[in-house]
K.L.:
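My questions all concern the structure below.
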Amino acid sequence: MREKVVGALEGALHKARRKGQLKIESFPMVTLDLPKRPEWGDLATTVAMSLASSEQRSPHDVAQIILENLDRPEAIFDRVEIARPGFLNMTVKRELWLEVLNEIEEQGQAYGRSDLGKGRRVLVEYVSANPTGPLHVGHGRGAAVGQAIANLLTATGYDVASEYYINDAGRQIKLLGASVYARYQELHGRRVPFPEDGYRGAYIEAVAAHVRDRVGSTLLELPVEQGQQRCQDLAYHELLDGVRQDLQSFGIEFDSWFSEASLLSSGSVEQVLEDLKRRDLLFEQDGALWFRATAFGDEKDRVVRKQEGEYTYLASDIAYHRDKLLRGYDLLIDVWGADHHGYIPRMEAAVQACGHPKDCLRVVLVQMVNLVRGGQKIEMSKRAGEFTTLREVMDEVGTDAAKFFFLMRRSDTPLDFDLELAKQQSAENPVYYVQYAHARAASLFRVAEARGIPVPKPSETELGLLTDQDELGLIRALSRYPSVVEASAAALEPHRLTFYLQELAALLHNFYYKHRIMPSTGQVESSDAERFVKVDEAPPVRPREQITPGLTAARLALMREVQQVIRNGLGLLGIAAPDRM
RNA sequence: GCGCCCGUAGCUCAGUUGGAUAGAGCGUCGGGCUUCGAACCCGCAGGUCGCAGGUUCAAUUCCUGCCGGGCGCACCA
């Protein structure tokens with residue numbers, strides 16, 4: 001439908017250029033907007049205004065020329081008008097709108113998908129939490145956002161893979177081993193100092209107890225270094241397993257898990273650094289090795305190997321990103337905690353140093369989650385190891401509610417997450433609001449079935465019976481869905497889809513309340529002919545609508561496609577579309 | 001001090017990547033179930049889009065400056 005309208009407008013532009021009425025040096029994108037007021041029609045475009053300056057004509061003149069060059073406009077439009085500065089307001093023929101329902105039926109799950117990405121390969125890296133403790137709510141938000149972005153890109157024609165980067169090398173993981181070893185010794189009655197900056201969470205003691213259960217007191221005999229190393233290995237595996245399980249429960253699966261340590265053991269890190277050195281992008285100073293990040297727009301050069309000879313996190317990160325690019329990905333998406341934002345220029349410098357354009361890396365920042373219960377903030381202290389885990393939140397509010405809340409706002413603004421609200425099964429809870437719309441349609445179909453009324457495909461019904469503004473409003477909303485998916489994917493902003501689904505659900509609820517779809521059990525069935533008689537009479541108080549078999553069929557088909565779109569949208573967000581609640 | 005992000009209704013936030021008279025949810029107030037799911041619907045009220053300039057047919061959106069808030073500014077991750 002939209003293609004036809006855009007096609008007609010583009011045709012008019014071409015024709016005007018052939019005739020010399022417009023110069024059109026660079027062809028503009030013809031975009032369709034929704035007019036804000038119904039009297040302005042159902043679609044609008046601003047092409048005329050965007051062409052005005054390069055044509056050196058008034059927006060109104062350009063609009064006039066486009067209008068005059070439309071081929072057989074009566075085939076597509078009921079009305080096309082020029083409004084104030086140079087809007088082209090269009091009223092599309094009702095038959096074309098109704099066609100949308102057939103499109104959705106034919107495409108089914110694929111409705112909303114496109115090939116914008118043209119098969120470009122994308123790697124979405126997300127969560128990537130240090131395996132030094134359980135996932136907390138912030139990681140949950142990153143997980144929901146990352147998954148939704150991966151789904152959106154898949155839907156828009158990218159070849160997507162997802163990956164979790166495991167920080168299993170370096171200081172943090174060593175601290176984990178030292179912390180567990182300290183607790184382990186305490187369990188055996190030794191009084192030892194706890195490592196400074198060690199992990200103090202209660203889970204560390206549990207891990208230490210598991211170590212004791214497995215190896216008894218044998219680690220006490222070992223030199224400290226070895227004891228810590230053994231604890232590190234055991235703790236790391238246990239915690240990473242926990243992370244995997246939490247993510248699985250949250251409905252998230254990664255195509256691959258990538259180990260930082262493997263970059264060091266494989267020589268990848270040394271290889272990149274040599275490569276950079278050869279190209280004069282490394283230099284030594286004060287006994288350390290520096291990456292010339294300023295050559296690519298970063299404000300400072302950055303250390304990649306410390307004085308003591310240890311590599312920094314940046315060194316493995318450069319190697320990691322080069323590795324991703326070497327694996328053939330055209331676009332890298334990193335989902336990070338917003339506190340890492342200062343790191344972006346550095347990573348952009350890194351990918352450029354690897355010979356790729358800056359924009360082959362896109363970083364999505366995820367701001368923190370403030371847990372709220374009944375209006376009161378729940379304080380979390382990471383230092384003391386007191387934080388609410390993703391597991392606890394999932395167990396309390398469910399995965400669907402958690403995901404929906406995580407996706408309700410732009411990811412780069414802080415989120416207040418009200419646990420009581422998320423749990424509440426009421427109108428105030430937006431998750432249930434949307435899911436209920438889907439379940440309501442399902443319920444409707446069950447009732448129809450029980451009454452022996454089939455739920456037809458749109459093509460099997462007389463769609464022309466859908467004449468009500470509420471029906472057309474729903475169809476217009478459905479027609480917008482593909483562009484919402486495209487825009488969400490292009491901007492890497494899943495929340496746009498979340499908002500759309502709330503709007504669509506609202507339209508369904510409103511329609512459902514105002515109109516009957518099947519005749520009331522008490523109502524005498526009337527024929528389609530009688531219905532029109534009723535309308536003609538136009539009584540002062542609008543009586544209950546006469547529901548004819550034809551109208552029932554058409555409305556059921558409409559509901560079927562609304563349900564399809566809600567299901568598709570929730571699917572992209574990784575949220576279930578239940579038939580019953 | 002420097003850099004990034006954010007200031008939109010009482011609260012929490014959208015605003016289709018520069019468009020028409022700026023929207024939604026919650027909250028307040030009022031109304032609606034003899035019906036296919038009331039986990040729902042309808043209505044009222046609520047705004048100098050932080051402030052001041054600039055760019056143009058058009059600015060909540062882009063640029064500059066200021067005010068206010070958050071986060072970064074490691075040879076930590």
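Naming convention: chains lettered A, B, ... in sequence-line order (proteins, then strands); numbering from 1 in each chain.
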K.L.:
Taking the same atom, C1', in A20(B) and in U16(B), what whole-Å distance lies between them?
P.N.:
15 Å
K.L.:
Ring centres of F258(A) and Y164(A) under 6.0 Å apart?
P.N.:
no
K.L.:
Would you kindly give the OH-to-P distance between Y433(A) and C13(B), to the nearest whole Å?
P.N.:
21 Å
K.L.:
Would you classify U17(B) as syn or anti? Syn applies when the glycosidic angle is within 90° of 0.
P.N.:
syn
K.L.:
Kindly point out which of A20(B), G15(B), C36(B) is positioned nearest to the side chain of E493(A)?
P.N.:
G15(B)
K.L.:
Judged by modelled atom types alone, do Y481(A) and Q564(A) share a side-chain donor-acceptor pair under 3.5 Å?
P.N.:
no
K.L.:
Using only modelled atom types and a 3.5 angstrom limit, is any donor from either the side chain of R496(A) or the base of U16(B) paired with an acceptor on the other?
P.N.:
no
K.L.:
Kindly check if the number of other-residue, nucleotide or ligand heavy atoms within 6.0 Å of NZ (K358(A)) is above 12?
P.N.:
no
K.L.:
Distance alone, cut at 3.5 Å: any donor-acceptor contact between the side chains of T91(A) and D42(A)?
P.N.:
no
K.L.:
Return the CD to CG distance between E39(A) and N89(A), rounded to the nearest 0.5 Å.
P.N.:
10.0 Å
K.L.:
To the nearest Å, how far apart are E420(A) CD and U12(B) C1'?
P.N.:
17 Å
K.L.:
Donor-acceptor pair under 3.5 Å: do we get one between N89(A)'s side chain and the base of A20(B)?
P.N.:
yes
K.L.:
In whole angstroms, how far is the P atom of U16(B) from the CG atom of L492(A)?
P.N.:
16 Å
K.L.:
Using a cut-off of strictly less than 4.0 Å between a heavy atom of the residue and any atom of RNA chain B, enumerate the qualifying residues of residues 407-416 of chain A by number.
P.N.:
R409(A), R410(A), T413(A), P414(A)
K.L.:
If the cut-off is 4.0 Å, is N510(A) near the phosphate of C40(B), judged by side-chain N/O to OP1 or OP2?
P.N.:
no
K.L.:
Could you list the protein-to-nucleotides 55-62 of chain B atom pairs, N/O on both sides, closer than 3.5 Å?
P.N.:
| from | atom 1 | to | atom 2 | distance (Å) |
| --- | --- | --- | --- | --- |
| C57(B) | N4 | M49(A) | O | 3.4 |

K.L.:
Between A38(B), C13(B), C75(B), spot the one nearest the side chain of F499(A), thanks.
P.N.:
C13(B)
K.L.:
Does the side-chain ring of F87(A) lie flat on the base of G19(B), meaning centres under 5.5 Å and planes less than 30 degrees apart?
P.N.:
no
K.L.:
Aromatic contact between F291(A) and F283(A), with the criterion being ring centroids under 6.0 Å apart: yes or no?
P.N.:
no
K.L.:
Figure out the NE2/C1' separation between H139(A) and A77(B), and round it to whole Å.
P.N.:
11 Å
K.L.:
May I ask you to check whether H341(A) and D412(A) show a side-chain donor-acceptor distance below 3.5 Å?
P.N.:
no
K.L.:
Can you find a pair of side-chain heavy atoms, one from F445(A) and one from M559(A), that are under 4.5 Å apart?
P.N.:
yes
K.L.:
If you measure from the C1' atom in A9(B) to the same atom in C49(B), how many Å do you get, rounded?
P.N.:
11 Å
K.L.:
Provide, to the nearest angstrom, the distance between the OH atom belonging to Y500(A) and the C1' atom belonging to U16(B).
P.N.:
13 Å
K.L.:
For the side chain of D286(A), starting at C-beta, report the closest nucleotide among A77(B), C75(B), U21(B).
P.N.:
C75(B)
K.L.:
So what does Y512(A) hit on the nucleic acid, given a heavy-atom distance under 4.0 Å: a base, only sugar-phosphate, or nothing?
P.N.:
base
K.L.:
Does H341(A) contact G3(B) through a side-chain donor or acceptor facing the base, at a distance under 3.5 Å?
P.N.:
yes
K.L.:
For G18(B) versus A58(B), give the span between their C1' atoms, rounded off to a whole number of Å.
P.N.:
8 Å
K.L.:
Any non-hydrogen side-chain atom of R302(A) less than 4.5 Å from a side-chain atom of K300(A)?
P.N.:
yes
K.L.:
Is Q172(A) touching bases, backbone alone, or none of the nucleic acid, heavy atoms closer than 4.0 Å?
P.N.:
sugar-phosphate
K.L.:
What are the residues of residues 294-303 of chain A, sorted by number, that bring a heavy atom to within less than 4.0 Å of RNA chain B?
P.N.:
K300(A), V303(A)
K.L.:
Among the nucleotides C75(B), C41(B), C36(B), which one has an atom lying closest to any side-chain atom of H509(A)?
P.N.:
C41(B)
K.L.:
Describe the nucleic acid contact of A288(A) in one word from base, sugar-phosphate, nothing, applying a heavy-atom distance below 4.0 Å.
P.N.:
base
K.L.:
With distance as the sole test, does Q502(A) use its side chain to make a donor-acceptor pair with the main-chain N or O of P430(A) at under 3.5 Å?
P.N.:
no
K.L.:
If I take atom CZ in residue F511(A) and atom P in nucleotide C42(B), what distance separates them, rounded to the nearest angstrom?
P.N.:
14 Å
K.L.:
Could you tell me whether R580(A) contacts a base, only the sugar-phosphate backbone, or nothing, with contacts defined as non-hydrogen atoms closer than 4.0 Å?
P.N.:
base
K.L.:
Report the nucleotide, chosen from A38(B), C41(B), C75(B), that has the shortest atom-to-atom distance to any side-chain atom of Y513(A).
P.N.:
C41(B)
K.L.:
Contact class for A44(A) vs. all strands (heavy atom < 4.0 Å): base, sugar-phosphate, or nothing?
P.N.:
base
K.L.:
On a whole-Å scale, what distance lies between the P atoms belonging to C13(B) and U60(B)?
P.N.:
22 Å
K.L.:
Give me the distance, rounded to whole Å, that separates C51(B) from C75(B) when you measure between the P atoms they each carry.
P.N.:
41 Å
K.L.:
Could you tell me how far apart N370(A) (CG) and C71(B) (C1') are, to the nearest whole angstrom?
P.N.:
13 Å
K.L.:
Does a side-chain N or O of H515(A) approach OP1 or OP2 of C36(B) to a distance below 4.0 Å, or not?
P.N.:
no
K.L.:
Is D334(A) paired with K324(A) through a side-chain N to carboxylate O contact shorter than 4.0 Å?
P.N.:
yes
K.L.:
Nearest heavy atom decides the nucleotide; on that basis, is G287(A) or R480(A) closer to the 5' end of RNA chain B?
P.N.:
R480(A)
K.L.:
Could you please name the option among A20(B), A77(B), A38(B) that lies closest to any side-chain atom of W40(A)?
P.N.:
A20(B)
K.L.:
Within this structure, what is the CZ-to-C1' distance between R516(A) and U34(B), rounded to whole angstrom?
P.N.:
12 Å
